[in-house]
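Worth saying up front: this structure is predicted, and the values here are computed from it rather than measured. Throughout, a chain's letter reflects where its sequence line sits, starting with A, and its residues are numbered from 1.
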Amino acid sequence: MPEQTSIDKIPVTVLTGYLGAGKTTLLNRILSEPHGKRYAVIVNEFGEIGIDNELVVGADEEVFEMNNGCICCTVRGDLVRILDGLMRRKGKFDAIIVETTGLADPAPVAQTFFIDENVGRRTKLDAVVTVADAKWLNERLKDAPEAKNQIAFADVILINKTDLVSPEELSEVEARIRGINPYAKVHKAEHAKVPLDAVLGRNAFDLDRILDLEPEFLGSENDDHHHRHDHDHAHAHGGLKHYHDEEMQSISLHIDRPLDPDKFFPWVQDLVQKEGPNILRCKGILAFKDDDERFVFQGVHMILDGDHQRPWKTDEKRESRIVFIGRNLPGKMISEGFESCIAK
Amino acid sequence: MSVHSSDTASVVERTRPIVVGGGSIVAAHFLGRTAAFVLGEEAIVLVPSDGDPRRVAAHSGAILTTAADSARIITGGDDSKLVLTGANGESRILASDPKHRWIDQVALGPDGAVAWSAGKTAYAQSKELRTFEAPSTVGGLAFFPKGFRLAIAHYNGATLWFPNASGATPEKLEWKGSHLGATVSPNGRFVVTSMQEPMLHGWRLVDRQHMRMSGYATRVMSLSWSPGGQWLATSGATQLVLWPFQSKDGPMGKTPRLLTPSGHRIDVVACHPRSDVVAVGHSNGLVLLVRIEDGVEILAKKPGEGQITALAWSSDGLLLAWGTEAGEAGIVDLA
């Protein structure tokens, strides 16, 4: 990124969630807490939010394809325009919140920050926060591909309306979420009551913060384990059922021998070129041969962003770890491809 | 790589520093010999060549877009207002969007015509107000040099609109992708749009031939025609990219002329109104005057004080105004 450091950039939080999950409730909660911060809010429909002092802008969710032959390479054209306009008033707000419609795909929003240099220079994507309805999410995961996308894409998932379900039902919905996205931070709440620092200031897209690629709930379990199953079944792990979504999976791989960058980069580029439409998110920490620095990368569909992060610490195990979340991912092919990147 | 050492000719010492009083500068214009610095929020600062700066309130929020001719400045804001400001400092509201949308684009045409857009709706007014619903949000508006005709950039192309030809279907120029700016060559033969991708797209109107103008590092935000429309100067690279438009084929099959490789991104370009010289504003605050013929450079502003966001020439070509994102400004007197 040119010139300005990330410190100057205005953080942008994206709020997603299926219709009726409680996005607006969360937004109102964020805006009404006595946090002393000023927000600019980009919404799709006026009228539902009670805002006095905030800047509110109406958006129209124009998803534009880039003219590069890639159908998954999209931006939110309205955001390019609105963020440019908002930044003329910088100093009037500390952060930006984008509320999407219930049917929106979060990917074009996220990609806007990677594709548009003018946007990326002045603002940074903080996190995609998905609000899920404890009572209805399981149904929506069956009949609404948008709902599944939003869960798979999320950095933070708020299971809302927990007062409307039994503890067993809540456990069930959490397991369903984990079956799709084991990496998001999950919070449970009634009336979207969560601490604001659970949803804001997450730095989830900051390359420097790609530290923890451990699944949230598997803990010390062998991470190679959970992508081997491709059929829908459940089994218990310490009380929490373990689901595997038939369509949307995560793949986590690690290699403890150094990689050859001249093999890895062509491989990962080729992989996202071919599988980009199915890969929603990817992240990785890499140890290259004869390289004393950790390399970190992340991606959304076909777009990859990466950099050297810092020197490996002396007591740190130099291993490479990559994570993919996506639809019908060819696990065996990805695993074999990754292993072919080991330096000879 | 050129070096701006002490042997580079300089006009820096002829600069009159201007205090605009806070806020970033997003554009500069000249109304006769009066310089106008358009701020990112609320105001325009007018600076007569022989007088003190004067701050004129124009909007109650962000100023999103602006255009000017020799007598008037038009601005659109996030307050849904379209405002006209004259050299005497008088501002008046020309229109307010009834749906409280932002005024995203403005353009000034021949014979006092005005055009603007809010969302997907484009408006044009000479005698009567006309409207056009674009297929997506209007990304750019440009009048043709003659007649009451506009080029409207939008998703997947541009539309050529005769506002007074009621009943006639506006002509569509198609090209996939999002088009975020438009300009018409001074001879009216070419329409060029800047795209979401770091490239320009052009159409030769007589036969709808496409011109793909690529190779930029970033989105092209600034376009300027040299006198007579011989060259189209563009930002978006670390060199000044000039597309040749001397022949009836335009730049078709030709490579652009690349000048002044400074290593810093060029953000604003402004062609001199009378000679083939381009003022080139860089991301590091450097402004160079570059002669198109041979690439000879004159230093007009040293690096520093923030990214250049505004450049304008007076119509006699003797004054150059510059402004930065950090709110620094100056007027260079070349007389």
**Request:** Answer with side chain, backbone, both or neither: which region of B:Asn156 has an atom nearer than 4.5 Å to a non-hydrogen atom of chain A?
**Result:** neither
**Item:** Flag, side chain of A:Arg88 to backbone of B:Ile63, donor-acceptor distance under 3.5 Å
**Value:** yes
**Request:** Kindly give the heavy-atom pair with the smallest separation between A:Gly85 and B:Ala62, and that separation in Å.
**Result:** O-CB, 4.0 Å
**NE2/A:His308: more than 12 non-hydrogen atoms of other groups inside 6.0 Å** = yes
**CZ (B:Arg212) with more than 12 external heavy atoms under 6.0 Å** = no
**Message:** Quick check on B:Met199 against chain A: is it the side chain, the backbone, both or neither that has a heavy atom closer than 4.5 Å?
**Reply:** neither
**Fill in**
Of B:Ser24, B:Gly61, B:Gly77, the largest count of non-hydrogen pairs under 4.5 angstrom with chain A goes to B:Gly61
**Prompt:** Distance from B:His201 atom NE2 to A:Asn67 atom CG, nearest 0.5 Å?
**Reply:** 8.5 Å
**Message:** Once rounded to the nearest 0.5 Å, what's the spacing between atom OG of B:Ser178 and atom CZ of A:Arg81?
**Reply:** 11.0 Å
**Asked** Got a salt bridge between A:Arg89 and B:Asp78, using NZ or NE/NH1/NH2 to carboxylate O under 4.0 Å?
**Response** yes
**Asked** Out of curiosity, A:Phe64 CZ to B:His179 NE2, how far, rounded to the nearest 0.5 Å?
**Response** 10.0 Å
**Prompt:** Contact part of A:Glu62 toward chain B, heavy-atom cut-off under 4.5 Å: side chain, backbone, both or neither?
**Reply:** side chain
**Item:** Part of A:Asp60 lying under 4.5 Å from any heavy atom of chain B
**Value:** side chain
**Asked** Is it the case that more than 12 heavy atoms not belonging to A:Lys274 sit under 6.0 Å from its NZ atom?
**Response** no
**Message:** I'd like to know which of A:Asp84, A:Val75, A:Ile82 tops the heavy-atom pair count under 4.5 Å against chain B.
**Reply:** A:Ile82
**Request:** Output the distance between atom CG (A:Asn118) and atom CG (B:Leu180), rounded to the nearest 0.5 Å.
**Result:** 10.0 Å
**Message:** So which atom in A:Val57 and which in B:Trp102 form the shortest heavy-atom distance, rounded to 0.1 Å?
**Reply:** CG1-CZ2, 3.4 Å
**Request:** Would you mind reporting whether A:Glu117 and B:Arg219 have side-chain heavy atoms less than 4.5 Å apart?
**Result:** no
